[in-house]
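Read through the structure below, which is laid out as structure tokens, and then see the notes.
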Amino acid sequence: VGSIALASFGLVLLAASARTRVTLIIDGETRTVATLGRTVGAALRTAGLSLESGDVVVPGAKSPLPASGVIELRRARPVTIEIDGETIEAITATDAAENILAESGTKLFPGDRVWIDGLPATSLAAPLRVASRIRVDRAFDLDLDESGAHRTLRSAAATVGEALWEAGITLRGADVLRPGAGAGLPGSSEVVYLPAQPVEVEADGDTILTWAAGDSVGEVLANSGVALVGLDYAVPDAGSPVPQATPIRVVRVTETSEFEGDVLPFETRWEGSDEIEIDRQGMVDPGQAGLQGERTRVRYEAGVETERMVEAAWTAVEPRDRIMGYGTKIVIRTLDTPAGPVEYWRAVSMYATSYSPCRSGVPQCLYGTASGAKVQKGIAAVTVPMFLDMRGQVVYVPGYGKATIGDTGGGIPGRLWIDLAYSDEDYFSWHNWVTVYFLTPVPPYIDYILE
């Protein structure tokens, strides 16, 4: 009996000595097991673990137990990837965003922005642990004209101001920025930036220390609110570069006339100008009032009389009309949309509303339009005068898509207005300002002044 007991005890000691202790790291958590197996898979089975599709074990399940005694198991988990308007559902054991995106076939380009569970990614290589959603915002090219020097910025920022901040540009209140810092991307592809600079201006008996933007003395004065008016001049002159060490001196010049007679007023008229882009305005000629009678002209500079001239009796100055120009120049541009790029020749800010057959502001449902088309998505209504000029014009409205001007409505007084059609089933309420892009081809007749 004693011999049998000793033999049994020896077998137990032999079995215990044959077990191998290994450390399992399971999704970052550590546990230790003792196994009689000689492979990684056997050790996992000893621990009561089974491998599921997509799980990753290092070393591989068929590998012998590692000399280090450490086995790492990463369980596969679902991860949602949002990119380019699409949603990808992935099952992965990878714990770094760059690897997850690579597995899904998603390529990142310079300037792209990655969000992990709603927060901006600080490092794509860092372990995500329990991240369940990755969003990629594509970057867009921004043509930056900085005081005449052009460069291209690539950014996934939401606004122009944020894109400039990412590029290391800190905006000041006196800077000139077109479009403004709050303009969204990718709607803004061309940005003009004139950084303000410190200037000292002597004008009207005061010395003004301010910041202003501009490449010349005249531009800096205009942007600082000390503009040259009429016969005023500056030292240095308005076309000179901005001085760095000396102040700009503004000399106010006025001329008065001592005469008996009448002032002949001038008229203001509008003319089309092919040098001004459509939907913009500019002064072509400021006009001038006429003077009739005998007069003495007196000139003052900085409040001091510098010249006096007696003129004979005649019509000294014939009145000249002020000419205001409205733009007739057409420029074709390209806009990137979720459905692909579109070409447009006009972009107008309009107040958008929406309607459907049974939501048109009248007691009964109206299914027809002024053009004969059915009321449904893809039809837009405008005021009657605009409809007569633009019937059939295809436009693009961000957030809505393409639409054909094919219906009329009452409009909103004092606002350019567009009414976006839906069917009753897919109706969506619109009540906000939008940019309406008029798509090519350019129509043979153009209403250059929209009202």
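Values reported hereafter were calculated over all heavy atoms of this structure, with side chains retained and with hydrogens, waters and symmetry mates removed.
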message = Quick one about E166 and S155 (side-chain donor to acceptor, distance below 3.5 Å, no hydrogens or angles considered), yes or no?
response = yes
inquiry  = Side chains of S354 and Y422 only: does a donor on one sit below 3.5 Å from an acceptor on the other?
reply    =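 Note: S354 and Y422 side chains miss the donor-acceptor criterion.
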query = Within 45 degrees of the axis of the six-membered ring of Y437 and under 6.0 Å from its centre: does R346 put its NZ or CZ there?
reply =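 No, R346 and Y437 do not form such a contact.
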query = Under the 3.5 angstrom rule, does the side chain of R322 hit a backbone N or O of P286 as a donor-acceptor pair?
reply = yes
query = Does T80 use its side chain to pair, donor to acceptor, with the backbone of R133 at less than 3.5 Å?
reply = no
Could you list the donor-acceptor pairs under 3.5 angstrom formed by side chains in residues 402-415, with sequence neighbours left out?
from : atom 1 : to   : atom 2 : distance (Å)
D407 : OD1    : A370 : N      : 3.0
D407 : OD2    : Y355 : OH     : 2.8

side-chain hydrogen bond (donor to acceptor under 3.5 Å, both in side chains) assessment of D419 paired with T353 = CA-CA 5 Å; D419 207 8; T353 56; 2.7 Å; yes
query = Do V160 and L177 touch side chain to side chain, with heavy atoms closer than 4.5 Å?
reply = yes
task = Indicate yes or no: at least one non-hydrogen side-chain atom of T440 is less than 4.5 angstrom from one of I332.
result =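 A side-chain contact under 4.5 Å exists here.
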key: Any residue meeting side-chain contact (heavy atoms from CB on, under 4.5 Å) with A203, in chain and number order, not counting sequence neighbours   =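 side-chain contact (heavy atoms from CB on, under 4.5 Å) list for A203, sorted by chain: V201, V226, V250.
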remark   = Taken in chain and number order and not counting sequence neighbours, the residues that satisfy side-chain contact (heavy atoms from CB on, under 4.5 Å) with Y367 are P357, C358, C365, D424
Give every residue pair that meets the salt bridge (Lys or Arg N to Asp or Glu O under 4.0 Å) criterion with at least one member in [range], sequence neighbours excluded.
range: residues 143-161; result: D141-R154, E146-R151
range: residues 194-207; result: D204-R252
range: residues 385-396; result: none

query = How many angstroms lie between CG in L65 and CD1 in I71, if you round to the nearest 0.5 Å?
reply = 5.5 Å
request  = Assess whether salt bridge (Lys or Arg N to Asp or Glu O under 4.0 Å) is satisfied between R74 and E72, documenting all intermediate values.
outcome  = CA-CA 7 Å; R74 295 195 298 272; E72 182 180 0; 3.4 Å; yes
ask   = Is the Y351-W417 ring centre distance short of 6.0 angstrom?
value =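 No, too far apart.
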